[in-house]
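Residues: numbered from 1 along the sequence shown. Keep in mind that what you see is a predicted model, and the values were worked out from it rather than measured.
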Amino acid sequence: MRGSHMDNAAVAADAYLAWWRLAGVECAVGQEPVNWLRPTPAPRPAQPAEPAAAPLPADLAAFHLWLETDASHPERRWPARAIYPAGPADAPLMVVTDMPDPADMDAGRLLADKAGALFDAMLRAIGLDRAHIYVASLFFARPPGGMVEAADLAAAAARMRTQVHLARPRRLLLLGDRATRALMPTDGSDQAVGLRDFNHDGGTVPAVATFHPRLLLGQPMAKAECWRALQSLIEEARP
């Protein structure tokens, strides 16, 4: 009796296995271990594609409008008055400073008050005036405490290279250490004064860096070195 029961069980087992083979199951285990007590994670939703970067402005007027209206500029985070660049394209000289000073914020223009008066004297010394130059700053507003993050400084430097490209000045004057380090970093082997090529989005332009007028007000001895830098601009203007 017992043998007959075992034979029936074997026949049932063979039939059961034959059924699974017909269903396509070839082995009792998979190649990878499975934790049957852990629920299968739900599929992750598809991530939306990164929005395409907006094209850069194609001319100086469009660039100015972009500065004034785009919400992505770091200056939008700062509760300060905006002072935008001013001057014509194709100017004989473009002047770049780091950011508006407190006196500039009050006056509503870059390089105002005593530093502005000294700057005007510097321009007269090389035969220029504000009416014929283009003046801009890395940041068009002043952050709290005058301090900026490294990422914001890098973004402002890239933005300024585009602005130089669109403004198309014949020469470039950088005022102050922060603007100089952001736009024309050096390993210390370059001459302290004299023209160097500034690389922008569309090529190069002769450029020179010197002290900001606000430093010259407190350190008159630096005026001699500043004058040597300005003289290189005069030399560049000669035929």
Side-chain angles (χ1 to χ4, degrees), residues 56-57 59-124 128-169 171-184 198 200-201 205 207 209-218 226:
L56 290 173
D59 55 48
L60 193 59
F63 184 90
H64 286 176
L65 181 63
W66 177 62
L67 284 185
E68 295 171 12
T69 59
D70 195 277
S72 66
H73 298 301
E75 292 89 344
R76 303 297 180 213
R77 307 194 309 265
W78 308 333
R81 181 181 187 179
I83 301 179
Y84 297 108
D90 302 301
L93 181 67
M94 177 175 177
V95 178
V96 179
T97 182
D98 55 352
M99 64 181 63
D101 283 340
D104 301 342
M105 307 299 292
D106 294 336
R109 70 167 186 168
L110 293 170
L111 297 164
D113 199 46
K114 295 180 180 179
L118 179 55
F119 173 68
D120 290 335
M122 292 164 60
L123 290 179
R124 290 194 297 271
L128 294 172
D129 58 60
R130 290 204 197 211
H132 299 94
I133 68 169
Y134 186 92
V135 181
S137 55
L138 275 175
F139 296 98
F140 58 76
R142 186 174 182 84
M147 303 299 294
V148 295
E149 298 176 5
D152 290 340
L153 187 61
R159 186 178 65 187
M160 182 57 68
R161 284 189 285 271
T162 299
Q163 187 171 184
V164 174
H165 164 59
L166 297 175
R168 303 185 304 274
R171 293 161 289 164
L172 184 65
L173 174 62
L174 306 180
L175 295 178
D177 182 64
R178 181 152 43 189
T180 302
R181 284 188 288 109
L183 295 172
M184 291 177 58
F198 172 77
H200 55 78
D201 288 356
V205 61
T210 191
F211 301 109
H212 195 287
R214 63 175 172 250
L215 183 140
L216 297 176
L217 290 173
C226 178

Counting C-beta onward and ignoring hydrogens, is there a side-chain heavy-atom pair between P100 and L110 closer than 4.5 Å?
yes

If you look at every heavy atom in M160 and A136, which pair is closest and at what distance?
CE-CB, 4.1 Å

Inter-residue atom distance T97.OG1 - L174.CG, 0.5 Å rounding
9.5 Å

Contact summary for L128 and P92, nearest pair of heavy atoms
CD2-CG, 4.0 Å

Return the minimal non-hydrogen interatomic distance between C226 and M122, and the atom names on each side.
SG-CE, 3.6 Å

Give, for atom NE2 of H200 and atom CG of L172, the distance between the pair rounded to the nearest 0.5 Å.
9.0 Å

The reported gap from CE in M99 to CZ in R178 (rounded to nearest 0.5 angstrom) is 3.5 Å

Once you measure the plane-to-plane angle for H73 and W66, does it fall in the parallel (<30°), tilted (30-60°) or perpendicular (>60°) bin?
perpendicular

Shortest non-hydrogen contact from A167 to M94?
CB-SD, 4.1 Å

With no hydrogens and no angle check, is any side-chain donor or acceptor of R159 less than 3.5 Å from a backbone partner on L138?
yes

Name all residues meeting the side-chain contact (heavy atoms from CB on, under 4.5 Å) criterion together with D201; count only those two or more places apart in sequence or in a different chain, and write none if there are none.
L56, R161, T162, H165

Y84 side chain reached by H64 side chain, heavy atoms, under 4.5 Å:
no

Hits for salt bridge (charged side-chain N to carboxylate O under 4.0 Å, His left out) against R181, two or more places apart or cross-chain, chain-then-number order -> D177

Got a donor-acceptor contact below 3.5 angstrom from the R168 side chain to the L166 backbone?
yes

Is there a side-chain contact between L173 and V96, using heavy atoms and a 4.5 Å cut-off?
no

Please report the interatomic distance CD1(I133) to CZ(R171), rounded to the nearest 0.5 Å.
10.0 Å

Exam field: side chain E75 to backbone A141, donor-acceptor pair closer than 3.5 Å
no

Please round to the nearest 0.5 Å and tell me the distance separating atom CG of D152 and atom CE of M147.
12.0 Å

To the nearest 0.5 Å, what is the distance between OG1 on T180 and CZ on F211?
9.5 Å

Assess whether side chain to side chain contact (heavy atoms under 4.5 Å, CB included) is satisfied between L123 and L93, documenting all intermediate values.
CA-CA 10 Å; L123 290 179; L93 181 67; 4.1 Å; yes

Verify, without hydrogens or angle tests, whether D101 (side chain) and A103 (backbone) share a donor-acceptor contact under 3.5 angstrom.
no

Closest contact, heavy atoms only, A179 versus L175:
CB-O, 3.7 Å

Any side-chain to backbone donor/acceptor pair from R81 onto M105? Under 3.5 Å, distance only.
yes

If we ignore hydrogens and angles and just use 3.5 Å, is the side chain of R124 paired with the main-chain N or O of D129 as donor and acceptor?
no

Sub-3.5 Å donor-acceptor pair from the side chain of R142 to the main-chain atoms of W78, do we have one?
no

Considering non-hydrogen atoms only, spot the tightest contact between A107 and A112 and give its length.
CB-CB, 3.6 Å

Using modelled atom types and a 3.5 Å cut-off, is there a donor and acceptor pairing between side-chain atoms of D104 and backbone atoms of L111?
yes

Do Y134 and D90 touch side chain to side chain, with heavy atoms closer than 4.5 Å?
no

Any side-chain heavy-atom pair of F119 and R130 under 4.5 Å
yes

